[in-house]
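Just so we're on the same page: letters track the sequence lines, and every chain starts at 1.
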Amino acid sequence: MAHERTERNGAQLVLDTLLAEGVHTVFGYPGGAIMPLYDALFGHALRHVLVRHEAAAAFAAGGFARASGSVGVCIATSGPGATNLVTGIADAMMDSVPLVAITGQVRSNLMGTDAFQEADVVAITHAITKRNFVVRDVNELRATLHAAFRCARGPRPGPVLVDIPSDVLKAISSEGADERVGGSLGLPVASEAAIAACIELLRGARRPVAIVGGGARSSNAIDSYREFCRRVRLPHTATINGLGCGAPGDPLFLGMLGMHGWKAANLAVAGADLVLAFGIRFDDRITGPPNRFATNAKIVHADIDASEFGKTVRIDVELHGDLQATLAALNRALEGVTIPRFDRWANEVADFGGPLPRDRGDRERLSATDVLDALFAALPDDAIVTTDVGQHQMWSAQRARPSHARNFITSAGLGSMGFGFPAGIGATFAANGRTVVAIVGDGGFQMSLPELATVRRYNVPVKILLIDNRNLGMVRQWQQLFYDRRYSATNLSDNPDFCAIARAYGVEASSVDHTSNLAEAMRHFLAHSSAMLLHCACYPEENVWPMVPTDAAMHEAIEAAG
Amino acid sequence: MIARLCSSDGRLLARVIYLAHRFGCAYTSVAGHELDGTYSGLLHFSGPSDALARLSKQIDKLNHAEKETL
């Protein structure tokens, strides 16, 4: 039963401000210092999802934000509750995900005394947030929260932490009704000269390639990017966060590039005379040694964040501005000029590739890549996939052809194991009934097992596809290839009975261990109307191919173990 | 390299010093003061030129971030 209140304390102010910011779902876990907020939640219109570990709250909020484009919100108490959010906050920072983390803090008069459950979380998170705040006056609470949301949204999205001492949560505010403060920010716009320089390079190019990244998703530039690709008709590739930005079925899309990217994508970039990079960070996993990246190409880089220009690779033309506006300007500029046809180059690039190389070591047992091929063949076009981190993540990124960039959700920059399952839970709250599949490995899943209870409590219809190769597979692969097969601490042959665990939490589960049973198991898995675990017992020696070794150039991939 | 900071957040100086060390740079002198709730800092950094260039861009970004928020 809801308890009516006539005046608002800080905690009620927080919740009402969240509603005013358009938030309807938050992910959190209670504790001592945050108790006033949880008291205010009792009977409040805001939907609170109780996770079973604060780390999952941050990952679920991140999954929600990535799927919806809205700000994700997570809540934890002081000290260990707050520090348990840290990985999810860093994850959001690396992938530019809008996130507001609200943490309880010990009473103001105890701060700095090493009080029970005290941690200086603003100092801890200073380097992994866009900004963070401690609110010491209840009358500054609302303005601070609005500022946090503005900061989280952009221009380049990211995480913001608001730390609130418990006495501030309990204090009565003298503020009146909420009026959302501030409007949209003026975004930088690429200069006409830079746009013209880009067009000029394009007119002189013979072998251009476009690369798109998560910036296109963040700035809602997907339609503009697709139009650009349609107009120029050039081969194009994507970083892992850019998957789904290109038009579905576009034959000029080369697949993901990078360390485990498609050969055609990497060779095209290596052979290009012009690279057009839209909203990417030139991360080491896609460039290899920067001085060996696209050595014959002029590079045009479009990004909202000027600090990204020249960070790792040399840039010839900087398009500093909102990506949607930049691409719109490029599309307008293209209307008045003649661009060469790149058909010959596109055909040449198409010949670079071929099917993904695979290990075929053990026909008798289930292959992880067969499982993922079966999944992606059967998924509805609008399904959302989340992944954890490791081999299954790379196999998935190689195979996924999402219809939209918000439909493929992965911890790309930070590579946080334990992300995939809670992110899938969070994404389900933004999915509006669409299918959500969390693809996880046996290592990462065991970092997030308690969230089966969250799934059960809220009847979250997330599908959990578990690739169980009884190893920390990616590390095992590196040990095989680069550490003389010294398999240190990667063997998980003592894994538990995952289906029994799922059932103990009240979640349906089944297992498949042979290719002959895969099709029926997958059909049943995807047709099931509520949450389900499909445990796939795969043979452990399968590797991710191609693979570009550390310090090799991106066109020097290996395709099998030597 | 000389960097100037101006912020309502007095901790920005510490953030920049941490960043400098992360980039392989170090400060050779730091001066800061507060006036009417605005913190100003003047820092001198030494280090490899490419790292200083990256640091300079990050400082510009941090200086700009407050304008995005407030």
- Any donor and acceptor pair, going by atom type alone, linking the side chain of B/Lys57 with main-chain N or O of A/Lys311 inside 3.5 Å? no

To the nearest 0.5 Å, what is the distance between [atom1] on [X] and [atom2] on [Y]?
X: B/Arg15; Y: A/Thr129; atom1: CZ; atom2: OG1; value: 7.5 Å
X: B/Asp60; Y: A/Asp305; atom1: CG; atom2: CG; value: 11.0 Å
X: A/His126; Y: B/Leu12; atom1: NE2; atom2: CG; value: 6.5 Å

Measure distances from [X] to the heavy atoms of chain B and classify the residue's part below 4.5 Å as side chain, backbone, both or neither.
X: A/Ala127; value: both
X: A/Val122; value: both
X: A/Phe309; value: both

- Message: So for atom OH, which belongs to B/Tyr27, do other residues, nucleotides or ligands contribute more than 12 heavy atoms lying within a distance under 6.0 Å?
- Response: no

- Around atom CG of A/Asp114, are there more than 12 heavy atoms of other residues, nucleotides or ligands at under 6.0 Å? no

- Note on the structure: When the 4.5 angstrom heavy-atom criterion is applied to B/Arg11 and chain A, the contacting part is both

